[in-house]
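Written out below as structure tokens is the structure these notes cover.
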Amino acid sequence: MSSHARPAARAEALRREIERHNHLYYVRDAPEITDAEYDRLFRELVDLESAHPELASPDSPTQRVGAAPLPEFAEVRHRTPMLSLANAFDEDEVRAFDRRVREALEIEAVEYAADPKFDGLAVSLAYRKGVFVQGATRGDGATGEDVTPNLRTVRSLPLRLPQAPDTEALEVRGEVLFYRSDFEKLNARQRQAGEKEFANPRNAAAGSLRLLDSRITAQRPLRFFAYGTGIAAKARWKTHSDALDRLAELGFPVCRERSVAQGVEGILQYFSRIGKKRDQLPYAIDGVVYKVNRLDWQDKLGFVSRAPRFAIAHKYPAEEQTTEVLRIEVQVGRSGVLTPVARLKPVEVGGVTVTNATLHNEDDLRRKDVWAGDTVVVRRAGDVIPEVVSVREKGPRRDRDRFSMPHRCPVCESPVIRLPGEAAARCTGGLYCRAQRKQALLHFVGRRAMDIEGIGDKLVEQLVDRDLVRSPADLYRLDREALAGLERMAEKSAQNVIDSIRRSRRMDLARFVFALGIPGVGEEVAKILARHFGSLRALLDADWQALGTEKEAVRKDNAKRKKKGAAPREVPLEGIGPEIMESIDKFVHQRHNREVIGKLVDPVRGVTVTDAASPKGARAESMTFVLTGTLPGMTRDEARALIEARGHRVSGSVSKKTDYLVAGEEAGSKLEQARALGIPVLDEGELVQLLGKR
Ligand code: IVH
């Protein structure tokens, strides 16, 4: 086709045509041409682009084959945070949700938008001037990973939209997943190639989307379904269903099962209708999602912590199967807890082969009275670890079939204790115990912790068993030679691990604290700690007893203030209870832990823990902002997300502790209060300048 007079025009025509066929095939399920004809068009475009490299363009369908591997993913701050959903597990909880919504809105009946809850991976897609420019994973909700090249390979995801005012700047939210049939084929392929199979479609989707080499992603038939929009939805559409209609019109795959339902009876009917169809759907779902349809009402309802008040996920009950218990073993966890685990005769539960199920603890096992050889009911819900529910039929029950908690740790032989009032038996070996060390290390390198790639069970096993790594600090002294000597470690992968360790040397405080694995300190608590203390030093030097006392005092004072109608004071470390405070206190004062932390940050190993709010010219410690009035270019939630993403806080009322008031149009009494207290007032532009845009 080089005879075409204008290659640019021909390339453009081909791109449109190919994308139209992509849409017909992947979204509409209604192809108009044969595969061979499609391939011919595609070939022509590839040839044209290679003959005229100046024609190449990121929104060309030829880009769907993947690009050169990336060294790592860049971070993306979400302009609108990607939230999680609250769950309802039965009808009562759904009715309670509906009641809360109606009471808050002061109306009789609510119209809901309902759709399946896809069991895949959330992504956010950014379009500028109609062109797909960036796609990110959800990450922790505030920051995700830039997986644009991988998302370009998803055939049903439009690379280009019709030019229209609403495609100038559009953010689309949705789920990336595998159809069940594609998943089976993928696993068959993995098996043939001697590669590891994926546990379920969700894991396969997550793994495929997070490959640094998008050419491999291109060979994985991922799908995309849109279920919402980001920025400025309210300004463009009246209802959620209008927004989705528009997305469908623009060429996005929007699932057929979505619906609008009236009131709580409507959504409950929807739940049972989809429940009946569930097994026939091409993809896995674990529930349905209800959202208040009117966007202005959504806005009015707002959010509680990280989930919207206007939406809820209604989960289908977990799937159950029966199988035989081969034996019962104990597993040693990160903090030394011994968990009895039933090794099972393999059984399919909800599309996944299950070979182990937890028995939680000794009491639970006794209550259910489970013996080796029994036939039991096992249950699996979504990503949750399978559990033994009950005994269906007793086995022969010889003496040796009865479980008893060992008195010594099966891994390190330290004594096992069970504290009064605790359900768990624990190994007292601490980090002397290899099992605990392994678990602590796996936690440390985890994606949400130090995010060191390439270190999985197998490697940790070898590192610990060969005494190459005794504590996380030792990771930072590993070299390629040491790694290359291990099983399944080629030069290249050894280098990748070393590179990944190097990259983790710069880490923000919250993740670092989470990585330490302090009992009771999850991601949320770690964030609170980081915000409060601002630096690792301050956290290590804290006087926890004094903090506990201060906390109580502020609580009491606030109760008094409330009676007087005065504004409450900020409670230090709000959200962290006394048990967890005690656990942190204990942890940071243990000599061994201090030593490990000291080593991690020493110049040899060189981990730098960045203070909670260091980005871009902001002050090092956490600051308190108050928002008032309407900002011209962002919603309240967007402003809040920006502030929190930088490790600062947003408070509802102006006090001496307020660092800045951010004021928009029609700011009222808060502005006066701030002026009276001499607190600096920022407009939107100044806020963005202070904190940086992304
Ligand atoms: S709406 C503000 N709709 O569920 C509401 N989420 O727990 C945000 N998900 O990570 C989500 N199907 O990936 C919504 N039809 C659906 C969904 C859905 C699956 C996932 C989503 C998110 C998680 C929230």
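The ring pair (Phe, Tyr, Trp, His ring centres under 6.0 Å) contacts involving residues 535-584 comprise F533-W544, where partners must be two or more places apart or lie in separate chains. Sequence neighbours left out, the pairs with a member in residues 559-570 that pass salt bridge (charged side-chain N to carboxylate O under 4.0 Å, His left out) are D557-R561, D557-R569, E570-R649. Applying the side chain to side chain donor-acceptor pair (under 3.5 Å) rule to pairs touching residues 576-591 yields D585-H589, Q590-N593, sequence neighbours excluded.
Side-chain contact check for D451 versus E145: some heavy-atom pair is nearer than 4.5 Å. When side chains are defined from C-beta on, R77 counts as touching T143, because their heavy atoms get closer than 4.5 Å.
Checked against salt bridge (charged side-chain N to carboxylate O under 4.0 Å, His left out), E644 has the following partners two or more places apart in sequence or in another chain: R640. Residues meeting the salt bridge (charged side-chain N to carboxylate O under 4.0 Å, His left out) test with R138, sequence neighbours left out: none. The salt bridge (charged side-chain N to carboxylate O under 4.0 Å, His left out) test applied to R100 returns no partner, not counting sequence neighbours.
In terms of heavy-atom proximity, R448 sits nearest to F514 at O-CD2, 3.5 Å. Taking every heavy atom of both residues into account, F89 and E93 meet most closely at N-OE1, 2.7 Å.
Salt bridge absent: D92 and R95 never bring a charged side-chain N and a carboxylate O closer than 4.0 Å. Taking a cutoff of 4.0 Å between a charged side-chain nitrogen and a carboxylate oxygen, E672 and R675 do not qualify as a salt bridge.
Looking at T608 and R506, their side chains never bring a donor and an acceptor atom within 3.5 Å of each other.
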